[in-house]
Structures are given as structure tokens and as C-alpha cells.
There are 2 protein chains.
Amino acid sequence: MQHSPFRLDSQIVSEYSHSISKTIWIALNSLFKQDKMHIKLKDVALKSGYSVTTVSRALAGYSDVNEQTRLHIVEVATRLGYQPNLVARQLRIRRTQTIGLIIPVRDQSFSNEFFTQFLIGIGDAASRARYDLLVSAQAPGEEEMSAYRRIVSGNRVDGIILARTRRNDPRIAYLRAQNYPFVAFGRGAPGEPADFPFIDVDGQAGIRLLVEHFVARGHRHIGLILPPEEMVFTVYRHAGYRDGLAGAGVSSAPAGNRTKTRNAIVKSDVRTLEQRTCWPPLRRAEHAPRRLTSRHDGLTLES
Amino acid sequence: MQHSPFRLDSQIVSEYSHSISKTIWIALNSLFKQDKMHIKLKDVALKSGYSVTTVSRALAGYSDVNEQTRLHIVEVATRLGYQPNLVARQLRIRRTQTIGLIIPVRDQSFSNEFFTQFLIGIGDAASRARYDLLVSAQAPGEEEMSAYRRIVSGNRVDGIILARTRRNDPRIAYLRAQNYPFVAFGRGAPGEPADFPFIDVDGQAGIRLLVEHFVARGHRHIGLILPPEEMVFTVYRHAGYRDGLAGAGVSSAPAGNRTKTRNAIVKSDVRTLEQRTCWPPLRRAEHAPRRLTSRHDGLTLES
DNA sequence: TTGTAAGCGTTATCAA
DNA sequence: TTGATAACGCTTACAA
């Protein structure tokens, strides 16, 4: 390894980012005090000569307001630069139009590209429905649970997305006990109750296919690198691995004999996307399953 | 390249994640309706026999409430599992205790590890102060601007963090026009006004050091891979590159002759972290600069 | 078609 | 040390 003062390692990046973000937070903190004067419904009402009620309904596009009136009110509102105070609206309609996502963090990192994409995907779907995303990144443990508690009981979000189910997941237990709307990405561990809303891919079948692929090419020593067994998908992947080996009459490789199959693992998930499981069952049209076909030298999703 | 049905590429990961997240959103959407019955201040007041006012103050830890009373109220509140409705509080105190972070997305990805770490870092600092993070990932453009507008004018956040300043940045122009609290990570482009709050590293010095390092080792053809010039830090890095070459009496490499220096670039930022710039100036103690020293074969930050 | 008034769950003011 | 009462800015019965 070349000794260079410029070499990069992930710890450096981590400390760098943390240092920067900490400084930014401090700087931002000192700016909060400002009291922003905002145009409110009342102001529009005063300027336009109508009541707050009418203005509210005109802007909301209700049909029971005169077209002339509506145009006038809209004109005044845009001229004044009116924007509704969402917090007030939230309080009134008892919906926050926000969903919570608490990303499980390991080793100061999301550990892979997945959560990045996941975040973008969820954010995208949400913002189409004018929903916002409340994000928190927490390592599994007490801090994480209190993040859940705060968000849930503080009524900050309408629902929560829970990623990477764990064995005897305390988060699921909590959300169920609170009867709080949530959807998990990942099913329950074998033997545990599975009657909560979730989406999952069939990682067991995926890994089995993968092992069969290697076996078909003549390999007999096939290793598998797995994340901690605490995570449920690990259990299923492991099972798929044993399925594949057993089916081929091959015994498990000794512990020391490992192949790095990380990429293939994710890819195998993709391969089995079609066999996606969820509960409660969604109508097929709703969750828009995609067919998988071979294209180029990889698999591609088709709608 | 080996043709395997299990090969992974980033487009697959992207479509995979999007498919999953879309399904999750749909599933979650169908659960929103539920009306969660929550314990409120009034309930605690009724059970404890005190008024809403007193309960509120007891729970907030005000000094003007009898110790006996406080203990009793706290006891009742915890027994009932009371948690304040944060939205109501937000409306009343006119603070959302939330900060906004709109991550600029390119090519369906954050493009590097940085934003991941950044997100964790900010989230960490924020949650210590009981702040939450409203995150949106948007590609530069109109959608991005409307995300800013919605968040800003809807009063959803107390302040915004703006990452990766661009030349003639419309986001900065907007936030300044609205007089909205924000801090940028990245300074203004050369020649542009720089009187907005920002934090930045000295990328120009960093790249210069890097070039000098190569030159000292006898290299004469040194290339530099740069992100689009639209981003301000690119401009400074480019300048640092020219500085380094000019100082060594070496002319720029022809366009075709490139070395991949991505990692080194980030590392050079770390190296110059100490020369961090910001405006308005923070007191030294506040932004807790860290000294850089050589450790192992890389640079490490020390507090 | 429009307006009055109540209320969402807090915190803050002021009087008791 | 406590409690009425009035906001915060919006939506929505209900009445006019």
C-alpha cells in the first residue's frame, strides 16, 4: 500500500462530514431567532374585502364560491404572496402530511447504496402527494427507540416506514402496541408473528438461485458473506444458501472458505422482486409489480 | 466481462429501490386514515384535578409550581402516557423545531458517500437539540425550487441547510430574498456576493497541495477529474490545480491525459479543514476547529 | 354564495 | 401557587 498523505479512508470521510455538519448546525442555530412576518388568511381577507372563510374556500378551490370572487381572491393572494401556514393546517385537519423514516445506521454509515436510493424513491412518491419526509438516522438501540417514541407520540407524522426488520424487533412491537400506521420493509423472522403491514422480497429464493448458478458452473466451495443474524433478511438468505447447497448435494463450505457475494445478493433480490410478499395483500394493480427480463448481460426491470 | 444473470449495476439498484419504495408508499397511504386517540393536556388535567395551565407548566418544569403538585402531575402524566402534541406546540410557539435539508441529486444518486455522512451528522446534532430533519432529495431545477418554496413559505422549518452552492445559485437568491434563515455548505463563486452565511473548506489550497505532492514525486502529467463547472467548489478546485502546476512550472495536462483523483480530492479537503472559511465569522470556540495530524498513513482529525 | 363561530392542543398573559 | 382566558392560523359546520 502506498503511503500518501492524501489517502482516503471512510473514517476520514466520516469525521470530515461530521465536523462540517456540526459547524453548520451551530451556525444555523444562531439564526433561528428571527421572527418571520407572514401573510396570513386574515390579511388576504382584509385586502380582498371577503371573510376569512370565503378566502379559505376560494383558495382551496371549493365549488360553492362565486367565480368572480374566486378570481379576485386568488389575485389578491398571489399579489400578497400568501402561502398557507402548514402547521396551523396540520393542527386543524389532524394530519401532518409527513411520513417518518428512521434509517438504521451501522458503523457511522448506511452501509450501502440502498438507503440512498430508498430515500430518493420514498421522497419522490411522497412529494407527489405533497407529503414531506421526516428523516432520522439512528443506530439500533435506545436512542433509536426514543426517536420512534418522540416522532410517534408527538404526532409529528401520519405514518412511519420501518426498514430492515430485526428478530424480535422492538420497533415493530412498539408501533403495533401504539396501533400506529406503519409499513415495514422486511417480514418477520421465521416463527414470529407476521401480521403487520410489510413489503418484502424473497431473499431465500434469491440466494438459492445464486447458489444453483454457481453449482451449475461446477463450483463446489461456495461461501456466503452475511450481515449479522440479528437482521431478518439474513436468516432468509442463509436458509436459501442451505437450500441451494442441499439441492445440489453439496455441503456447506467451511467457515474459512468464503466468496464475496455481496453484489450478487442484492441482484438476487432484484431477481425475485416479482415474488414480492406483502401483508395485508395489496391488489395486484396497486403495487404495480414489474416483470423481470434479461437484458444486456444483466437483469432489468420492466413495467 | 463475465456474463452472469446476477451481475449488479447501479441502474438495477436504482430501479429496485424505486420499485420497493413506491410499493411501500402505496401500502402506507392506505393506512393513514386512522384517527389516533391521543392523551392530551386536558386529560391529564382532569385526572390530576389541576387546570390545563398548571399541568402545562408543571410538565415544562416551570419553577412557579408547587413541588408536590408537580410530582403528582408528572406521575399522572406518565401513567396516562401523555406526550405533547408537537404540532400544536409548534403553532403556539411559532417554531417548528425542524430544519430542512434538500439534497441535490444527480443521476438518481447522491453521487458519493458524503451526503450520507452529512445527513447522519446533521441529524445527530439536530436531535441533541430535539430538532427534527425534514429531508427532500431533488435534482437541480424547477422541482427543486418548488420544494424550497413549499418548505420555506409553508413555515415548515426554522431554517434550511443548503449544500453544494452553484454559480448564480437560484436557491441562495430565493432564500436571501425571503430573508429566511439558512446556512450554505460552500461559498459563493468568485466575483459573486459572499455575504450569506456559509461554511466552506479551502478546496483550492487542497488541490494545490495535491498537485505539489505529485510534482515532488516527479510526475509531470497530472490530470484532474472535475464535477460540472456549475458547482462552485469545482471552480476553486480547478484554480488550485492551476496554482499547483504554475508554481511548479508545469503546464496543464492535455485534456486526454487524466488521472483519477477523486479520493485524493476529498482527502485534500480534509487536509484543509483547518483553514475553514465561514461568514459571518464564528468565534473560534464555537465552531470547534480540529487540528490535523498525520497518523498511520493517512491524515486524521484530532479535537 | 357568503359569513359567524367553534375548535385543533398547546403556551402565555394576567388576575385571583 | 393556581386558573380563566386568549391567542397561534387554519378548516368547517351551520346559519344567513
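Since this is a predicted model, take the numbers as computed values, not measurements.
Residues B/T53 and B/L91 both approach DNA chain C. Their nearest nucleotides, taken by heavy-atom distance, put B/L91 toward the 5′ side. Each of B/I93 and B/V55 has a nearest nucleotide on DNA chain D; the 5'-most of these lies closest to B/V55.
Residue B/T69 places no side-chain N or O under 4.0 Å from the OP1 or OP2 atom of D/dT1. OP1 or OP2 of D/dC10 has not a single side-chain nitrogen or oxygen of A/S56 nearer than 4.0 Å. Look at A/Y82 and you'll find a side-chain N or O under 4.0 angstrom from OP1 or OP2 of D/dC10.
Taking the side chain of B/T54 as heavy atoms from C-beta on, and the options D/dT1, D/dC10, D/dG3, the nearest nucleotide is D/dG3. Listed candidates were C/dT10, D/dT2, D/dT11. Nearest to the side chain of B/V65 is D/dT2.
To the nearest angstrom, P of D/dC10 lies 20 Å from OH of A/Y50.
When all heavy atoms of B/I102 and B/E144 are compared, the pair lying nearest together is CG2-CG, 4.4 Å.
No hydrogens or angles were tested; on distance alone, a donor-acceptor pair under 3.5 Å links the side chain of B/R92 to the base of D/dA7. Side-chain atoms of B/R57 come within donor-acceptor range of the base of D/dG3, with a qualifying N/O pair under 3.5 Å.
Neither side chain, B/R150 nor A/S127, offers a donor N or O lying under 3.5 Å from an acceptor on the other.
A distance-only check finds a donor-acceptor pair linking the side chain of B/D158 to the backbone of B/Q97 [under 3.5 Å].
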Verify salt bridge (Lys or Arg N to Asp or Glu O under 4.0 Å) between A/E142 and A/R149, making sure each step is shown before the conclusion. CA-CA 10 Å; A/E142 246 332 292; A/R149 269 190 290 269; 3.2 Å; yes

